[in-house]
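Note sheet for the following structure.
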Amino acid sequence: MAEAAFIFSDTLAKFEYGDDHPFKPLRARNTMELCNRHGLLYSVGVIRPEPAPAARGDLELFHNPQYLDLLKRAGEGDHDLALLAAGIGSPDCPVLKGLYAFNELAVGATLLGVDLVMNGSAQRAFNLVGGFHHAGVSHAEGFCYMNDVGIAIAKLIEGGHRVAFVDIDAHHCNGVQDRFYDDDRVLTVSLHQLSDGFYPETGRSTEIGVKDGLGYTVNVPLAPNTDDEIYVRAFEQVVPPLIEAYKPDIVIAEIGADTLISDPLTNLRLTSNGYEAVIKRLCEIAPRLVAVGGGGYDVFRTANSWTLAFAAMCELEPEDDFAGLVGGRMYGSEFGGLRDPQIATRGEAKVLAQEAADAAVRHIHDHVFGVLGAQAP
Ligand SMILES: [Zn+2]
């Protein structure tokens with residue numbers, strides 16, 4: 001087992017984007033309950049610290065102060081054209097009462113995770129309500145208002161630390177990539193779906209950074225129907241060799257579970273098996289790990305997968321003492337547990353998905369591995 005921090009806040013979990021909005025912070029509560037039921041929360045070595053709001057100075061390490069002022073107004077219920085011009089008040093990023101306080105606290109939770117792993121209180125930390133990787137320096141988009149990940153990276157590199165950011169959410173981390181595109185103090189690696197009309201339509205394998213940052217942005221675009229086998233192999237061919245070569249002090253990982261086959265917003269076909277394999281590998285290769293929740297719009301499957309993820313961070317096998325009593329059906333799949341059955345893509349769809357992954361990996365081996373001195377496996 002390993003020392004791990006489970007960062008949960010009821011205030012964050014209770015925040016609502018609205019009934020019709022797919023982003024449900026409540027997943028955090030479902031995950032907390034599942035982790036508890038599976039004996040993870042009160043294990044030796046697990047700590048459960050309460051987050052506090054981030055300081056304004058930390059928010060300004062990433063965001064423009066004028067934009068933060070707009071967010072503050074939006075949080076008080078204002079609604080006008082200046083806000084809309086900054087992406088606040090769109091269907092994706094509605095004006096919501098309490099918005100500023102919610103984001104301040106979510107950022108504080110990610111920064112708490114970073115503090116805990118950097119000061120040795122824990123080897124790994126998981127902030128369930130975080131991973132807002134689409135928020136820009138001066139605008140909101142893709143359900144994201146404040147970029148907790150970008151703020152954490154900015155703070156770490158200001159402190160002289162080497163940071164790797166690994167993003168396994170189904171969507172490309174455009175907000176983080178844009179901010180650090182010319183910077184070699186953070187290595188950003190993202191695996192994501194890329195297809196016509198699929199948000200945010202960035203993250204091609206040819207996007208590898210500029211100037212000092214050339215080679216420090218890595219994108220693995222994947223085609224619809226990518227399954228566990230294709231995904232895990234692509235991850236293995238890219239992420240561990242890059243981390244080994246870059247030697248970060250800390251890895252921040254956005255572990256959105258919207259890659260799963262049942263996710264209503266995406267077209268990848270992972271099961272909890274592929275998802276868990278990748279998380280376990282991240283735990284092996286990261287000297288210190290801070291995971292943040294990110295996407296995941298099949299609420300119950302996301303909670304299952306995040307429970308498996310936290311178990312991997314603790315190096316414990318989740319055990320359900322009540323499985324025999326209630327059939328394990330309350331949150332689980334029809335198989336009654338946290339894990340899905342194996343599902344593979346077949347036929348032409350499989351060939352196309354495999355070709356897309358192979359082409360991305362080849363491009364990265366040819367154009368990025370040399371810059372970092374990484375060895376292709
Ligand atoms: Zn996503």
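We use all heavy atoms of the structure for the numbers below, so side chains are in, but hydrogens, waters and symmetry mates are not.
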Distance-only donor-acceptor check, side chains [X] and [Y], under 3.5 Å:
X	Y	result
Ser90	Asp92	no
Gln177	Asp167	no
Glu207	Tyr181	no
Ser262	Asp298	yes
Asn127	Thr110	yes
His172	Thr202	yes

Derivation of the side chain to side chain donor-acceptor pair (under 3.5 Å) call for Asp258 and Thr266: CA-CA 7 Å; Asp258 47 7; Thr266 75; 6.0 Å; no
Can you tell whether the side chains of Arg37 and Glu33 come within less than 4.0 Å, N to carboxylate O? no
Stepwise salt bridge (Lys or Arg N to Asp or Glu O under 4.0 Å) check, Arg233 with Glu229: CA-CA 6 Å; Arg233 190 190 299 153; Glu229 185 191 13; 3.5 Å; yes
Report the C-alpha separation of Glu284 and Lys280 in whole Å, then their side-chain angles, then the decisive distance to 0.1 Å, and conclude whether the salt bridge (Lys or Arg N to Asp or Glu O under 4.0 Å) test is met. CA-CA 6 Å; Glu284 280 172 19; Lys280 284 188 167 169; over 6 Å; no
Could you check whether the rings of Phe62 and Phe180 sit parallel, tilted or perpendicular, using 30° and 60° as the cut-offs? tilted
Looking at Phe23, Phe102, Tyr145, which one forms a ring-ring contact (aromatic ring centres under 6.0 Å, His included) with Phe15? Phe102
Ignoring hydrogens and angles, tell me if any N or O in the side chain of [X] forms a donor-acceptor pair with the backbone of [Y] under 3.5 Å.
X	Y	result
His365	Ala376	no
Arg27	Thr302	no
Asp227	Ile230	yes

So, do [X] and [Y] have ring centers that fall under 6.0 Å from each other?
X	Y	result
His192	Phe198	no
Phe6	Phe310	yes
His133	Phe165	no

Side chain to side chain contact (heavy atoms under 4.5 Å, CB included), that's the test. Do Cys173 and Val149 meet it? Break it down for me. CA-CA 10 Å; Cys173 55; Val149 170; over 6 Å; no
Test side chain to side chain contact (heavy atoms under 4.5 Å, CB included) on Leu289 and Val251 and set out the steps. CA-CA 5 Å; Leu289 179 69; Val251 174; 3.9 Å; yes
Of Val239, Val218, Val238, which is the lone residue that meets side-chain contact (heavy atoms from CB on, under 4.5 Å) with Leu191? Val239
From Gln354, Lys350, Glu348, residue fulfilling side-chain contact (heavy atoms from CB on, under 4.5 Å) relative to Leu352: Glu348
Output, in order, the C-alpha distance, side-chain angles, deciding distance and verdict of side chain to side chain donor-acceptor pair (under 3.5 Å) for Arg269 and Thr345. CA-CA 8 Å; Arg269 299 185 80 233; Thr345 298; 2.8 Å; yes
